[in-house]
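Notes follow the structure.
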Amino acid sequence: MLKIYNTLTRKTEEFQPLEPGKVKMYVCGVTVYNDAHVGHAMSAIVFDIIRRYMEYRGYEVRHVMNYTDVDDKIINRANALGEDPLKLSQRYIEDYTNDLKSLNVLPATSNPQVSKTMPLIIKFIEGLIEKGHAYAAPNGDVYFRVTSDADYGKLSGRKLEDMQAGARIEVGEQKEHPMDFALWKAAKPGEIFWESPWGKGRPGWHIECSAMNLAELGEQIDIHGGGNDLIFPHHENEIAQSESYTGKEFARYWIHNGMLQLGGEKMSKSLGNIVNIKEFLSKHSADVMRMLVLNGTYRAPLMFNDETVAAAERNVERLKSALKPASPSAKGLPADILSALAAAIETAKTNFTEAMDNDFNTASAIAALFELSKSINTARDNEATADQLQPAQDTFRELAGVLGLTLEEKKGSGDANKFIDLLIEVRSEVRKQKLWALSDLIRDKLKELGVSLEDTKDGTTWKWT
RNA sequence: GGCGUCGUGGCCAAGUGGUAAGGCAAGGGUCUGCAAAACCCUCAUUCACGGGUUCAAAUCCCGUCGACGCCUCCA
């Protein structure tokens, strides 16, 4: 039985989809005006794992992730670069799509964009005005009337009175209530705009997600996700808009991932403590990024530093060791170890599923993989044949795949491979003659070039590092 | 100030009532010409602190201290 922690109720609840066997999941994507960083990667990986696990459990998942391609920051950046805002955002959409692919994140079922949802957004706002939940200000802005929503604040646990008391809230000139938020913003001179019943303008930040949800998944969805920095105001306002518009409960389960921490602080563009996804992937594999996420709890802050990255690197190597082939000269396993291996397969499956069912407890799930890898390696060291190893390695590969780990070795340039093979062949002859200094020199020099050798009784293996 | 999450070994971290998973690092060993990898052993009488409930608490309750996130754009 799959259980999920729901931000809305602050409880871990049994997952019950609206429609048996199907999951409608909407995850807030990124605002595309800049290179994405590893914090965005964390969020994407978290929901990728959730999606993969639900599919493993047999659900048909419709996974929608939007792109915010109309926004103040995009307009500012485009102005600074002298570029058309929609061209700029389109460029970064392609860029982020590539990042996600590099991270082995499955493509979402669909990726709606604000700029392509304009008619529905306008219709949505009109509907809210008709029902008294919104009003147009004289300057062409349209605001949501928070006092018209009886349970406004239920997701973030805030009350309007408390928020009004907050010192940093300033009363907008055009607003009835300081917490009212913009559904539509009148265009400033020279800004990109769309025609609307309220004049030229563009949508506010929150309305896009309500509209795209409706367009892609309908009035009610199972899961709504995003970073926990979106709980307020973004998700709170989405609920207010959608539920005021449809009169129905919007999302049943709200899932929020924790923030990636660099130097004890949230990684964010405004703090300037950024590691880009591309920068990270130039030094480490996608599996390493994923391992960092898997080692922790998706809801908790994720520590990101040299030490945790190095540990993740080693963890990935350790898991890969389980997939090394059996020795060609293996004589076969003793009966007791063979049955222990069979038992280890079942234990791993059980522990893995129990862990993941418990609100996607990946740290526990990964522990099940470490234990299985130990059993496999022990079997290999005890003369297991390839056939004897295979069932365990198949299970291992399958479970790792559910977490989105590829466990693939790094590929070098194909041309180099045959020369490396040749060098190793020569080195084998050198070793037969016990010319250790020379053979070690070859090994050391290759290491410097990124090729690491391992001498085994069945000969020498190598890989790119 | 308000709302929320959380404080577990040198580090990352699971465990939410029954006597501390897993990984990294470290030390010892097996194997190896030497490495590397793998495997074996060691590594928290204790879970921020102070009270309380209970036969039993890291786990529940109260308080204190501390960290982080949100309250402004944010994955």
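Because the structure is a prediction, the values reported are computed rather than measured. Throughout, protein chains are lettered first and strands after them, A, B, ... in sequence-line order, and every chain is numbered starting at 1.
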Could you let me know what B:rU30 is paired to, Watson-Crick or G-U wobble, both distances under 3.5 Å, or none if it's on its own?
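B:rU30 is paired with B:rA38.
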With respect to the side chain of [X], which nucleotide from [options] is positioned closest?
X        : options                : answer
A:His40  : B:rC12, B:rA75, B:rA37 : B:rA75
A:Asn377 : B:rA37, B:rC71, B:rA38 : B:rA38
A:Phe232 : B:rA25, B:rC6, B:rC70  : B:rC70
A:Thr31  : B:rA75, B:rA37, B:rC39 : B:rA75
A:Glu454 : B:rG4, B:rA37, B:rG15  : B:rA37

Under 4.0 Å: is that the gap between some side-chain N or O of A:Arg318 and OP1 or OP2 of B:rA38?
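Yes, such a contact exists.
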B:rU5, OP1 or OP2 - any side-chain N/O from A:Tyr5 closer than 4.0 Å?
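Checking B:rU5 against A:Tyr5, a side-chain N or O does come within under 4.0 Å of OP1 or OP2.
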May I have all residue pairs that pass salt bridge (charged side-chain N to carboxylate O under 4.0 Å, His left out) and include part of residues 100-111 of chain A, sequence neighbours excluded?
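Salt bridge (charged side-chain N to carboxylate O under 4.0 Å, His left out) check on residues 100-111 of chain A returns no pairs.
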Taking N or O atoms only and anything under 3.5 Å, show me the protein contacts with nucleotides 66-69 of chain B, one pair per line.
{"from": "B:rG69", "atom 1": "OP1", "to": "A:Lys266", "atom 2": "N", "distance (Å)": "3.3"}

How close or far is atom P of B:rC70 from atom NE2 of A:His234, stated in whole angstroms?
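Distance check: A:His234 NE2 to B:rC70 P gives 15 Å.
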Does either side chain, that of A:Tyr298 or that of A:Asp359, offer a donor lying less than 3.5 Å from an acceptor on the other one?
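There is such a pair between these side chains.
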Distance alone, cut at 3.5 Å: any donor-acceptor contact between the side chains of A:Glu208 and A:Thr68?
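Per modelled atom types, A:Glu208 and A:Thr68 side chains form a pair under 3.5 Å.
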Extract from the structure each pairing of a protein N or O with an N or O of nucleotides 19-22 of chain B at less than 3.5 Å, listing the distance.
{"from": "B:rG22", "atom 1": "N2", "to": "A:Asn295", "atom 2": "OD1", "distance (Å)": "3.0"}

Side chains of residues 347-354 of chain A: which donor-acceptor pairs under 3.5 Å do they make with residues two or more places apart or in other chains?
{"from": "A:Thr347", "atom 1": "OG1", "to": "A:Ala343", "atom 2": "O", "distance (Å)": "2.9"}
{"from": "A:Thr350", "atom 1": "OG1", "to": "A:Glu346", "atom 2": "O", "distance (Å)": "2.9"}
{"from": "A:Thr353", "atom 1": "OG1", "to": "A:Lys349", "atom 2": "O", "distance (Å)": "3.0"}

Let me know, please, whether A:Thr456 or A:Ser156 comes out on the 5' side of the other along RNA chain B by nearest nucleotide.
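Per heavy-atom nearest nucleotide, the more 5' residue is A:Ser156.
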Could you pull out all residues at least two apart from A:Tyr96 that satisfy ring pair (Phe, Tyr, Trp, His ring centres under 6.0 Å)?
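Ring pair (Phe, Tyr, Trp, His ring centres under 6.0 Å) list for A:Tyr96, sorted by chain: empty.
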Could you run down the sub-3.5 Å N/O contacts of the protein with nucleotides 32-34 of chain B?
{"from": "B:rG33", "atom 1": "N7", "to": "A:Arg431", "atom 2": "NH2", "distance (Å)": "3.4"}
{"from": "B:rG33", "atom 1": "O6", "to": "A:Arg431", "atom 2": "NE", "distance (Å)": "3.2"}
{"from": "B:rG33", "atom 1": "N1", "to": "A:Asp440", "atom 2": "OD1", "distance (Å)": "3.0"}
{"from": "B:rG33", "atom 1": "N2", "to": "A:Asp440", "atom 2": "OD2", "distance (Å)": "2.7"}
{"from": "B:rC34", "atom 1": "O2", "to": "A:Arg443", "atom 2": "NH2", "distance (Å)": "2.6"}
{"from": "B:rC34", "atom 1": "N3", "to": "A:Arg443", "atom 2": "NH1", "distance (Å)": "2.9"}
{"from": "B:rC34", "atom 1": "N3", "to": "A:Arg443", "atom 2": "NH2", "distance (Å)": "3.2"}
{"from": "B:rC34", "atom 1": "N4", "to": "A:Asp455", "atom 2": "OD2", "distance (Å)": "3.2"}

